J.: 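Let me begin by handing over the structure; questions about it come next.
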Protein chains: 2
Amino acid sequence: MSSVAGSDDRTAAARIRDAAIALFGELGTDKATIRGVAAAAGVSPALVLHHFGSKEGLRAACDEYVVAEYRRSKQDAVESGTTDPFAALAGVEKSLSHLRYLSRAIRDGSPAASRLFDEMVAESKRVMQLSVAKGLLRPSEAPHDRAVLMVAWQFGGLVLHEHVARGMGAEPFSTELTARIARAALEVLTHGVFTDARYADAWQATDRSGDDHTAMEPNEEDRP
Amino acid sequence: MSSVAGSDDRTAAARIRDAAIALFGELGTDKATIRGVAAAAGVSPALVLHHFGSKEGLRAACDEYVVAEYRRSKQDAVESGTTDPFAALAGVEKSLSHLRYLSRAIRDGSPAASRLFDEMVAESKRVMQLSVAKGLLRPSEAPHDRAVLMVAWQFGGLVLHEHVARGMGAEPFSTELTARIARAALEVLTHGVFTDARYADAWQATDRSGDDHTAMEPNEEDRP
DNA sequence: CCTGCGACTGAACTCATGTTCAATATACTA
DNA sequence: TAGTATATTGAACATGAGTTCAGTCGCAGG
């Protein structure tokens with residue numbers, strides 16, 4: 001309810017940026033053309049270059065903007081008091097185009113998206129440490145790896161949202177879909193899926209690369 | 001140890017296909033050019049079109065081939081007796097280029113990859129039902145959703161492997177990385193991450209869209 | 001008034017890339 | 001040996017798209 005206000009009182013650069021976010025997210029940075037962005041923003045193709053230098057510059061600007069927005073909204077959600085890692089995912093229904101863009105950016109491996117991933121790993125790790133101390137989360141034998149995995153799963157749900165939606169027979173980004181994902185995820189993350197620890201024990205027993213890779217986790221500090 | 005045999009006794013079409021799989025996987029279907037594929041295969045660009053009709057035809061051929069290979073290797077793994085859904089992920093270290101290609105295909109949303117996703121959901125669901133009956137897996141309140149989610153997580157680990165590798169400080173597709181992923185995943189999937197069910201219960205209590213979406217799961221049959 | 005500066009545009013340029021086509025080499029058949 | 005089909009190629013074609021550029025419009029300041 002914030003970005004796509006109907007009025008065109010935004011500055012031309014902002015209109016271009018928003019149109020680019022929408023088009024890049026919908027078609028990908030390759031298929032989306034400068035001419036298409038310009039047409040969607042109601043300006044000439046040359047103006048796009050005038051403001052952003054190049055297509056890559058435009059992409060970088062969109063990256064910065066969307067990631068900053070996402071970071072901000074997530075920060076708000078965190079400061080609202082929720083501590084579970086899925087609150088963020090559930091709370092970001094606000095802007096479809098931004099989500100779509102983010103999904104694309106992660107898929108395409110843009111630098112900003114990679115930075116975001118790393119940041120979220122660090123923050124997830126920190127929050128998880130706190131939650132473990134509070135007794136809300138089980139301690140892990142490999143806290144860093146677990147944090148990476150959980151962020152990857154969270155982002156994976158975003159990147160593969162189209163497939164997940166199709167698989168569940170629900171509309172992409174619909175509240176019903178996010179609710180069902182959250183429900184299934186909570187179930188698995190609360191109770192696990194296995195009835196006993198035979199698989200985990202069996203894996204443990206194979207002792208591949210030993211028990212020492214718990215100690216070889218990189219960057220133990222929280223801020224990079 | 002199978003696909004990239006050093007000798008060039010493969011037929012030209014096979015060489016082109018393999019080069020295309022490698023390049024498409026590395027650069028994406030857009031950035032990879034027919035000329036690049038031809039050069040990598042040691043043939044002329046025109047021959048690529050002669051054999052595959054068009055770039056889209058080449059992509060379709062690669063899709064079919066890689067997906068069929070993946071399906072076959074997974075079938076083998078399943079018939080070997082393992083029933084947990086992560087055996088497949090751990091067992092497919094055989095061909096890097098195929099994995100990379102598959103990752104790309106899923107990211108780009110190619111039809112073949114989507115079909116593969118749906119197949120794996122169906123199969124995962126079937127295997128999970130069996131495992132539940134055997135007492136190996138916990139019964140779920142939403143078996144279909146759980147199957148979709150687990151497949152999405154599995155594929156998510158594949159699609160985001162680059163980020164996961166960077167986050168864990170390990171080489172992409174290395175045995176160390178897959179081992180650590182499997183270990184962390186097994187831990188989470190065995191014990192969960194939460195110490196109690198307060199989050200799951202809280203979510204349950206909000207009762208959004210009710211308890212009935214367990215019954216609205218689509219296509220209950222296993223073969224689509 | 002006019003001078004400069006930023007927003008903005010239309011048209012042209014350049015280049016990469018998918019594709020076509022006529023021509024040649026190779027292999028298999030009669 | 002002749003002939004035909006298949007494999008293969010070099011060169012050219014067409015087009016889409018990023019980028020450049022000269023120039024116009026509007027406006028603030030001297």
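Note on naming: letters A, B, ... go to the chains in the order of the sequence lines (proteins, then strands), and numbering restarts at 1 for each one. The structure presented is a predicted model; accordingly, all values stated were derived computationally and were not measured.
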J.: Below 4.0 Å from chain B heavy atoms, what is the first contacting nucleotide of DNA chain D and what is the last?
T.: D:dA7 to D:dA12
J.: Could you pick out which residue, A:Ala46 or A:His50, lies toward the 5' side of DNA chain C when each is mapped onto its nearest nucleotide?
T.: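 Its nearest nucleotide lies further toward 5', so the answer is A:His50.
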J.: Could you state the atom-to-atom distance from CG of A:Leu47 to P of C:dT9 in whole Å?
T.: 5 Å
J.: Salt-bridge test for B:Glu64 and B:Arg17: reply yes if a basic N is under 4.0 Å from a carboxylate O, no otherwise.
T.: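 The answer is no: the pair does not qualify as a salt bridge.
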J.: Taking the six-membered ring of A:Phe24 (Phe, Tyr or Trp), confirm whether the NZ or CZ of A:Arg104 is under 6.0 Å from its centre and within 45° of its axis.
T.: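 Relative to the ring axis of A:Phe24, which defines the angle, A:Arg104 lies outside at least one limit.
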J.: Given that A:Pro45 and B:Glu56 both sit by DNA chain C, which one's nearest nucleotide is further toward the 5' end?
T.: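 It is A:Pro45 whose nearest nucleotide is closer to the 5' end.
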J.: Taking the side chain as everything from C-beta on, heavy atoms only, tell me whether A:Arg180 gets closer than 4.5 Å to A:Arg183.
T.: no
J.: In whole angstrom, what separates B:Lys55's NZ from C:dT20's P?
T.: 15 Å
J.: Just to verify, what does A:Phe52 make a ring pair (Phe, Tyr, Trp, His ring centres under 6.0 Å) with, not counting sequence neighbours?
T.: none
J.: Is there side-chain contact between A:Phe173 and A:Leu99, with at least one heavy-atom pair below 4.5 Å?
T.: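 Yes, close enough: below the 4.5 Å cut-off.
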J.: Looking at side-chain heavy atoms only, is the closest gap between A:Arg15 and A:Val43 below 4.5 Å?
T.: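 In short, these two side chains touch, coming nearer than 4.5 Å.
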J.: Would you say the side chains of B:Tyr101 and B:Asp63 form a donor-acceptor pair under 3.5 Å?
T.: yes
J.: Check DNA chain C against residues 23-44 of chain A and give the residues with a non-hydrogen atom under 4.0 Å, in numerical order.
T.: A:Arg35, A:Val43, A:Ser44
J.: Please assess A:Arg100 against A:Glu26 for the test salt bridge (Lys or Arg N to Asp or Glu O under 4.0 Å), listing each intermediate value before the final yes or no.
T.: CA-CA 7 Å; A:Arg100 250 188 267 271; A:Glu26 187 180 351; over 6 Å; no
